Amino acid sequence: MSTPAPDSRVPEKPTIDGLEDRWAQVWADQGTYRFDRTKTREQIYSIDTPPPTVSGSLHVGHVFSYTHTDCIARYQRMRGLEVFYPMGWDDNGLPTERRVQNYFGVRCDPSLPYDASYEPPATPDEKRQVPISRRNFVELCERLTIEDEKVFEQLWRRLGLSVDWSQSYQTIDERARRASQRAFLRNLARGEAYQSEAPTLWDVTFRTAVAQAELEDRERQGTYYRLGFPAADGTRVHIDTTRPELLAACVALVAHPDDERYQPLFGTTVRTPLFDVEVPVVAHHLADPEKGTGIAMICTFGDTTDVTWWRELALPTRPIIGWDGRILPETPEWLVSETGRETYAAIAGATSFTAKERMVEALTAAGYVEGDPRPTVQQVKFYEKGDKPLEIVTTRQWYIRNGGRDADLRARLVERGAEISWHPPYMQARYTSWVEGLNGDWLVSRQRFFGVSVPVWYRLDEHALPVYDEPIVPREDELPVDPSSDVPTGYDASQRGVAGGFMGDPDVMDTWATSSLSPQIAGLWETDADLWERLWPFDLRPQAHEIIRTWLFSSVVRAHLEDDVLPWKHAAISGWILDPDRKKMGKSKGNALTPVDLLDEHGADALRYWAASGRPGTDTAFDVGQMKIGRRLAIKLLNASKFVLGFDADLPDDLAVVTDPLDRAMLASLATVVDEATAAYDDYNYARALELTESFFWSFCDDHVELVKDRAYGARGPEAADSAKAALALALSVQLRLFAPVLPFVTEEVWGWWREGSVHRAPWPSTHELAGATGDAAIVTDVAGVLSGIRKAKSEAKVSMRVAVASAVVSGGAAEIARVREAAGDLAAAGRVGELSFLEADGPLAVVVTLAPESG
RNA sequence: GGGCGUAUAGCUCAGUUGGUUAGAGCACCUCCCUUACAAGGAGGUGGCCGGGGGUUCGAGUCCCUCUGCGCCCACCA
């Protein structure tokens with residue numbers, strides 16, 4: 001495989017500037033990363049790439065985690081696997097909805113018909129948004145996000161992601177909607193999707209139901225009020241509450257069954273203050289004797305515990321909060337007393353905040369508040385994207401079974417988690433604790449306008465009321481459908497909304513109901529069976545740990561229900577980027593340091609170097625210092641390569657030309673690096689592989705190259721020179737390939753100087769290619785140690801490294817001395833030692849240097 | 001409250017089944033304009049490896065415990 005001697009392709013002054021645009025273009029033109037779908041499943045490595053949210057902006061955290069995946073992809077490709085590495089764009093969901101509204105000055109109204117010739121206003125008026133149909137809204141979304149996606153794609157190319165850009169999708173595009181609806185209909189047909197009218201966590205700002213996975217607890221200032229409930233015997237039962245505004249919704253008081261203080265009250269009733277409604281005192285084990293007074297009021301519904309009590313104790317439902325978060329305007333029928341109805345009238349229509357103030361005032365005035373209000377800090381549930389506390393309201397929703405209400409399924413899904421190869425392994429604990437803690441099925445319907453529609457209609461009875469029990473479903477070949485504009489088979493458009501006609505389900509599906517199918521979407525499930533069989537199940541799901549409970553889990557649920565398999569074998573979980581002060585990097589700071597700025601300043605390889613230095617799963621500090629080191633490494637790689645290739649060195653046809661013990665020692669050491677780096681990559685540990693490679697490279701430059709320079713120039717004859725040159729070329733070839741996954745640009749540049757094709761399609765190095773030329777690795781270590789001693793002597797004498805030394809005496813054990821002798825010629829030349837002698841002695845290897853008397 | 005992770009030089013981090021005097025880069029100090037590289041190179045200063053206890057011939061590494069930090073989970077009125 002001898003190639004012509006290296007030549008003018010090596011530039012005079014190598015530079016990393018401009019490498020990115022140049023090679024990104026070459027890779028695009030030559031289809032370097034194009035997926036070859038003729039390969040079979042065993043020959044393929046398929047990646048379920050996370051679709052970034054295009055309505056947001058890319059920040060340095062994206063660069064971090066996508067680089068990790070790309071390193072793995074490049075490694076697997078060099079191992080000879082055909083890598084399926086697609087890119088999806090997440091343009092589904094609330095963020096896009098808001099962005100489209102503001103950008104075009106429109107809002108979605110699903111009741112409107114589609115207008116094929118619609119054009120948005122030239123100058124958007126944010127205050128007076130124009131209502132348009134859902135289909136028009138989706139079209140505007142696609143129009144807007146196409147621009148966002150171009151920006152993203154360009155950045156990804158510049159960062160060097162080896163994505164096959166012909167394999168891309170959007171989570172709102174037709175193919176994603178079809179997959180999403182198809183999967184839902186399959187769930188429905190198998191009884192895994194069902195409707196239920198039940199108390200639901202509700203965001204009053206967005207006016208939509210929210211799933212358990214979208215919750216987050218936030219600290220809030222609250223106030224305890226102690227209220228006295230009159231009992232039949234004239235005494236009062238005191239409860240502590242932070243939500244006195246819900247008093248009208250009170251259905252019972254509850255205490256722990258073992259609580260002796262309240263045992264006499266169980267089975268009796270008390271009356272609510274002001275509203276004067278008779279409520280029972282009940283017992284339940286969830287009541288905490290330590291909390292407050294040990295007895296609590298149950299309202300429908302103040303929190304999720306209320307829901308549990310309500311359900312398990314079969315209590316009545318007395319809702320007073322509406323979808324808008326305000327107290328319902330009509331006075332409820334269970335309030336019969338004059339005072340009760342008057343009190344209610346005072347809060348009807350008020351926000352819960354105002355209602356609370358008024359209730360406290362009224363209760364205090366009437367003497368029902370005991371003692372002083374006490375401030376407290378409480379954990380309150382919020383929708384993760386919302387800024388008002390969630391309420392609980394009763395609504396009809398769609399659910400998909402995920403084990404939340406079925407112990408067997410839950411256990412099965414926990415097992416599924418154990419079948420995944422987690423990188424790092426401890427991330428499995430997050431999955432397990434989430435699944436084991438589920439307390440309800442997956443709520444998939446959302447009362448939003450933009451998204452993938454729930455693909456069903458309902459027959460309307462003679463009173464024009466929907467018959468929810470018998471949804472009308474489309475055929476799979478009709479998908480995707482929008483029930484708000486499409487008409488089910490057997491009906492015509494005029495029957496929409498009239499008695500005996502039909503209505504479309506108004507809801508859309510949760511964004512995870514689509515994202516959970518990302519492999520199915522990317523792999524053209526049920527669309528291209530040939531491709532699907534070559535990809536499924538996928539090999540790798542890379543993602544962040546914060547969405548294990550959402551994206552990862554919902555994907556596992558979907559694949560389990562549909563195909564009874566895991567969607568992928570491996571899950572590689574990346575950490576977060578932290579500010580230098582170790583807080584999760586905030587939006588403000590993230591925006592100040594955009595990936596484009598960082599690319600401009602440091603270069604893609606440098607940015608990738610920083611990213612790849614972060615161990616898998618570990619939160620990593622944003623560190624400009626690491627980027628500078630990466631940049632320096634890239635430049636060093638260019639210069640060292642130029643120097644090595646300047647010897648007219650080329651890969652040897654026969655490794656027997658590598659005769660020098662030092663050369664063979666260096667290659668032996670490199671063989672160890674190859675083995676260990678390969679093992680690290682097989683374990684998804686790109687950081688370890690990089691560290692090993694880098695560490696070898698620096699000693700290769702500092703010691704080996706310096707030692708063999710003279711010999712390579714021919715100072716000790718052609719045979720000795722050939723050995724040095726062949727070993728240098730071989731070592732360079734191996735090191736370029738070891739670095740290629742992390743530093744794709746600079747390695748490709750150097751590869752282009754002397755090899756054919758792309759380094760990224762070159763075979764991953766193996767010890768096999770070094771096997772014929774390896775020796776005793778300890779020689780390198782020992783000789784480098786002596787050279788370092790000689791340098792130290794010069795450094796301490798404050799003279800230049802080129803200054804000659806008269807003599808140097810190397811002392812040490814017999815074995816060490818023997819090893820150093822093997823490279824005596826190179827050592828004397830590199831150290832400019834006049835007379836090099838050896839002395840066997842006890843103790844560690846050492847060198848005594850005598851500088852030339854007239855030196856200086 | 002339960003769980004996971006983490007704690008090593010001033011800073012950011014390695015340290016792979018326990019094995020000689022604990023490593024790298026940055027920063028700092030000294031020196032060198034050396035023919036691959038001065039946006040470089042050579043050398044150096046700097047560490048009770050969070051505290052305590054244990055196992056072992058031997059512990060940064062294994063076990064127990066405590067503490068700090070980060071995160072995940074949980075039915076707290």
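Only heavy atoms go into these numbers, but all of them, side chains included; no hydrogens, no water, no symmetry mates. Every chain is numbered from 1, with letters handed out A, B, ... down the list of sequences. Nothing here was measured: the structure is a model prediction, and the numbers come from that model.
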Worksheet item: Is a salt bridge present between A:Asp605 and A:Arg631, judged by a nitrogen-to-oxygen distance below 4.0 Å?
Response: no
Fill in: Nearest-angstrom distance, C1' atom, B:rA59 to B:rG15
14 Å
Fill in: B:rC49 and B:rU6, which share atom name C1', separated by this distance in whole Å
14 Å
Worksheet item: Within the structure shown, what part of the strands sits under 4.0 Å from A:Gly294 by heavy-atom distance: base, sugar-phosphate, or nothing?
Response: base
Worksheet entry | Flag if over 12 foreign heavy atoms under 6.0 Å of CG, A:Asp842 | no
Worksheet item: Which part of the nucleic acid, if any, lies within reach of A:Lys792 when heavy atoms closer than 4.0 Å are counted: base, sugar-phosphate only, or nothing?
Response: sugar-phosphate
Worksheet item: What about A:Phe553 and A:Trp442, are their ring centers closer than 6.0 Å?
Response: no
Discussion item. Counting the atoms with a prime plus P, OP1 and OP2 as sugar-phosphate, which does A:Ala287 contact under 4.0 Å by heavy atoms, base, sugar-phosphate, or nothing?
Written reply: base
Worksheet item: Thinking salt bridges, do A:Arg243 and A:Asp303 make one under a 4.0 Å N-O criterion?
Response: no
Practice prompt. Assign A:Glu12 to base, sugar-phosphate, or nothing according to its heavy-atom contacts below 4.0 angstrom with the strands shown.
Written response: nothing
Item to complete: Check every strand shown and say whether A:Asp702 touches a base, only sugar-phosphate, or nothing at a heavy-atom separation below 4.0 Å.
Response: sugar-phosphate
Discussion item. Evaluate A:Trp576 against A:Glu546 for side chain to side chain donor-acceptor pair (under 3.5 Å), listing each step before the verdict.
Written reply: CA-CA 9 Å; A:Trp576 275 332; A:Glu546 74 212 78; 2.5 Å; yes
Item to complete: Among the candidates B:rG41, B:rA77, B:rA36, find the nucleotide nearest to the side-chain atoms of A:Trp698.
Response: B:rG41
Fill in: Distance between P atoms of B:rG51 and B:rG10 (Å, rounded)
14 Å
Close N/O contacts between protein and nucleotides 72-75 of chain B (under 3.5 Å):
residue	atom	partner	partner atom	Å
B:rC73	OP1	A:Arg549	NH1	2.8
B:rA74	OP1	A:Gln212	NE2	3.2
B:rA74	OP1	A:Gly437	O	3.4
B:rC75	OP1	A:Asn439	ND2	3.2
B:rC75	O2'	A:Thr305	OG1	3.1

Worksheet item: Which part of the nucleic acid, if any, lies within contact of A:Asp303, taking any heavy atom under 4.0 Å across all strands shown: a base, the sugar-phosphate backbone alone, or nothing?
Response: nothing
Worksheet item: Between B:rA36 and A:Tyr713, is there an OP1 or OP2 to side-chain N/O distance shorter than 4.0 Å?
Response: yes
Worksheet item: Taking the C1' atom of each, how far is B:rG47 from B:rA38, in whole Å?
Response: 31 Å
Worksheet item: Would one find more than 12 heavy atoms of other residues, nucleotides or ligands at under 6.0 Å from atom CZ of A:Arg218?
Response: yes
Worksheet item: How close or far is atom P of B:rA24 from atom CG of A:Asp623, stated in whole angstroms?
Response: 18 Å
Worksheet entry | Residue-phosphate contact under 4.0 Å: A:Lys709 side-chain N/O, B:rA36 OP1/OP2 | yes
Item to complete: For A:Ser788, answer base if it contacts any base atom (sugar-phosphate contacts may also be present), sugar-phosphate if it contacts only those atoms, and nothing otherwise; contact means non-hydrogen atoms under 4.0 Å.
Response: sugar-phosphate
Worksheet item: Just checking A:Thr242: base, sugar-phosphate only, or nothing, at a heavy-atom cut-off of under 4.0 Å?
Response: sugar-phosphate
Fill in: Shortest side-chain distance from A:Lys798, nucleotide among B:rU30, B:rA36, B:rU34
B:rU30
Item to complete: Identify, between A:Pro844 and A:Ser613, the residue whose nearest nucleotide on RNA chain B lies closer to the 5' end.
Response: A:Ser613
Discussion item. Can you tell whether the side chains of A:Lys636 and A:Glu694 come within less than 4.0 Å, N to carboxylate O?
Written reply: no
Worksheet entry | Atom P, compared across B:rC57 and B:rU12: separation rounded to whole Å | 39 Å
Discussion item. Base, sugar-phosphate or nothing for A:Lys291? Non-hydrogen atoms, less than 4.0 Å.
Written reply: base
Worksheet item: Given the C1' atoms of B:rG46 and B:rG41, what is the spacing between them in whole Å?
Response: 22 Å
Fill in: N or O in side chain of A:Arg632 less than 4.0 angstrom from B:rG41 OP1/OP2
yes
Worksheet item: Say you pick atom P in B:rG60 and the same atom in B:rG23; how far apart are they, in whole Å?
Response: 13 Å
Worksheet item: Checking all strands, does A:Cys299 fall into the base, sugar-phosphate, or nothing category for heavy-atom contacts under 4.0 angstrom?
Response: nothing
Item to complete: Using the C1' atom as the reference point in each nucleotide, state the distance between B:rU8 and B:rG1 in Å, no decimals.
Response: 32 Å
Worksheet, complete the sentence: Of A:Arg688 and A:Arg802, the one whose closest nucleotide on RNA chain B sits nearer the 5' end is A:Arg688
Discussion item. Closest approach to the side chain of A:Arg791, judged atom by atom: which nucleotide of B:rG43, B:rA77, B:rA36 is it?
Written reply: B:rG43
Discussion item. Looking only at the aromatic ring of each residue, does the gap between the centers of A:Phe229 and A:Tyr368 stay below 6.0 angstrom?
Written reply: no
Response to the item:
Between CD1 of A:Ile635 and P of B:rA39 the distance, given in whole Å, is 10 Å
